[in-house]
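All ligand and atom numbering here is 1-based and tracks the order in the structure. Throughout, numbering of the chain's residues begins at 1 and tracks the sequence.
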Amino acid sequence: MSIMIENQRTPVDDETLTLRQIVDCSPALLHTARPDGYLDFFNQTWLDFSGEPLEKLLGWGWTSCIHPEDVESFAQRMRESFAKGVAFQETSRVRRADGQYRWMLHQKVPLRDSEGKIVKWHGSSIDIEDQRRSEDELRRSAQRLQRSEHELLGIIDTIPSMLWAASPSGEVTQISQSVREYSGLSLKDFLNLGWKRFIHPDDVEDTAKTFFQAIQTGASYSVIHRLRRRDGEYRWHHARGEPLRDPEGKIIQWYGLSIDIDEQKRAEDHLRETHIKLTRASRIATVAELSASIAHELNQPLMSIFASAQAAKRWLAASSPNIKEVNTSIERILRDARAADETMQHIRALFKREPFVKKEVDIPDMLMEAIRFVQEDPKKREVAIEWQIDEPLPSISVDRTQVQQVFINLLSNAIEALEGNQAVPVVRLTAKKDRDEIIVQVIDNGPGVVDAERIFDAFVTTKDKGMGIGLAVSRSIIEAHGGRLWAENSPDGGARFNVALPLDPVNKNPTEDPGYRA
Ligand code: ADP
């Protein structure tokens, strides 16, 4: 059978017909060209795509379908390929029947005879518009991403705090430019716990403990410590870290930042120090004033008692003792002694008037601060203070300043007791919960106390410049909180001061407004 088909206008047999059908049904735009570059065949897909009749496309007519911006370079490349006889691959926009230009990938390969002479060129064009659009979209999103990454890096490097990232196991993976500039260290220096030398030696242990606790539990990390600047100066920083989790909740990265709080911290410390000094000064002033007033108040009845006692002695020593006069003198002695006692009662009442400001207090926090205060004194800094605080400890309602003052007193006393000591001086502070009490112990390896009870009496001191008032006031404060303060000597030497604070002071001591007990 032979039929005419529209494109070729020549009779074709069955086999050719099948091939023609395959060619015309191909999703690719197919064409052939003569060795001189004259395009002599376009498949049906080509004709349907362009909407042009075959006559208009033959030869170089097809160039009218190529986008004006692409046509020149495209035709040039094709001519070169034909001239050199090498395969050709190029992209260009081709106008579709609806007038829309679409990107096409064009390929041509030469067909050679047995002598290698080109007899035909076969070409195909594939619509790559959609692919190109998604590529463009991808490129644009990559550019957008790059831009936002660039902006983010800009933000990270310009914000006035130091940023870092760490792996789930806690190894530092990134540090911002600000960290490099502040510390003078590189990321390499931070690896394998190298960051420890960036932290003040006194803060390393606490920082590492808090950091690895956060790494293990996945809880937020927050610590205040001193960081070494490249010039060697340490500045206070508040470091915080948060974990980033995947949708399953697994930690994939830690991100953190350190904010310089040096000035704020120093101002706060100064304020607190001033407050403590003021409290101390006002207490000393009160004690001095009170001592003067006690002396003054007691002087008169004492002198009177003295005079009456001498008179009684004289009446008794007479050749005939005058019992009546002796009696009168004793009556006077009793009257004056009662007056002295009343004065003492009055002074006690004065002490009781000072009210407490009670609030829920985090005991470990308060104790650590007391240690820091003591160590801020250059004379006391030499002695190491070891601490072992069981956590968590329930918080209790106390007057923070007063109770903290007690521990400052006990720690200061312990350090003072170690002066001139032969052994390596060690002060230890321990805190634990024992049934319904929190027990805090301040232990030293000094000479121990001579009389564990008398030292709590006011004005008992063995120090040249001592007032002998610290332990008396400390015991008053603790007892006013429903607690106990006592001293004992450790079996292996040194003194041990014990403070027991009730968890529920209301039940222990029903007084709502407790005060010192003289
Ligand atoms: P001050 O410290 O002004 O003497 P305190 O009331 O605080 O007043 O202490 C009274 C006395 O108790 C001290 O002078 C000292 O003899 C004794 N003392 C206190 N703490 C200790 C201690 N840790 N080791 C030995 N003796 C101590």
Side-chain angles (χ1 to χ4, degrees), residues 276-292 294-295 347-348 351 354 367 370-371 373-388 399 401-431 439-481 483-501 515-518:
I276 287 179
K277 276 186 196 153
L278 258 169
T279 318
R280 214 176 270 167
S282 76
R283 205 166 283 156
I284 289 168
T286 312
V287 168
E289 249 173 54
L290 269 173
S291 310
I294 294 167
I347 290 162
R348 279 206 182 102
F351 272 105
E354 192 168 322
L367 292 173
I371 292 176
F373 282 151
V374 173
Q375 288 184 324
E376 268 164 25
D377 182 344
K379 277 185 266 150
K380 299 209 165 69
R381 207 172 288 159
E382 303 304 315
V383 179
I385 301 179
E386 294 173 0
W387 48 270
Q388 190 191 347
D399 183 321
T401 317
Q402 306 279 2
V403 173
Q404 190 173 57
Q405 190 62 49
V406 170
F407 293 108
I408 293 174
N409 279 342
L410 296 181
L411 289 166
S412 304
N413 274 348
I415 293 174
E416 282 163 12
L418 293 169
E419 269 166 26
N421 205 27
Q422 296 299 318
V424 177
V426 177
V427 172
R428 236 155 60 76
L429 181 142
T430 67
I439 307 283
V440 185
Q441 292 187 316
V442 177
I443 305 160
D444 63 63
N445 62 344
V449 293
V450 179
D451 184 332
E453 255 322 298
R454 237 178 69 75
I455 52 170
F456 288 99
D457 289 345
F459 311 114
V460 170
T461 181
T462 52
K463 299 169 195 166
D464 291 346
K465 289 188 182 154
M467 291 274 303
I469 201 79
L471 287 178
V473 171
S474 295
R475 185 177 255 182
S476 298
I477 292 173
I478 297 301
E479 289 183 350
H481 282 83
R484 291 167 292 137
L485 166 59
W486 72 101
E488 56 200 353
N489 285 325
S490 305
D492 46 354
R496 184 158 61 202
F497 283 79
N498 306 275
V499 175
L501 281 167
Y516 294 152
R517 278 204 269 142

**Item:** E382, CD atom: more than 12 neighbouring heavy atoms under 6.0 Å
**Value:**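 Atom CD in E382 is not packed in, count stays at 12 or less.
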Does ligand 1 have any atom sitting under 4.0 Å from a heavy atom of [X]?
X: F456; result: no
X: G448; result: yes
X: N409; result: no
X: A414; result: yes

Element-labelled atoms of ligand 1 that are located less than 4.0 Å from some non-hydrogen atom of [X]:
X: T461; answer: 1 (P), 4 (O), 14 (O)
X: V449; answer: 25 (C), 26 (N), 27 (C)
X: L471; answer: 5 (P), 6 (O), 7 (O), 9 (O), 10 (C), 12 (O), 19 (C)
X: V460; answer: 10 (C), 11 (C)

Looking at [X] and [Y], what are the two nearest heavy atoms and their distance?
X: L471; Y: F456; result: O-CD2, 3.7 Å
X: A487; Y: A452; result: O-CB, 3.5 Å
X: K380; Y: V374; result: CB-O, 3.6 Å
X: G470; Y: N409; result: O-ND2, 3.8 Å
X: N489; Y: A495; result: OD1-CA, 3.9 Å

**Message:** Among L411, V403, L429, exactly one meets side-chain contact (heavy atoms from CB on, under 4.5 Å) together with L367. Which residue is that?
**Reply:**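 With L367 as partner, side-chain contact (heavy atoms from CB on, under 4.5 Å) holds for just one option, L429.
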**Prompt:** Judging by distance only, is a nitrogen or oxygen of E416 under 3.5 angstrom from one on ligand 1?
**Reply:**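 No, E416 has no N/O under 3.5 Å of an N/O on ligand 1.
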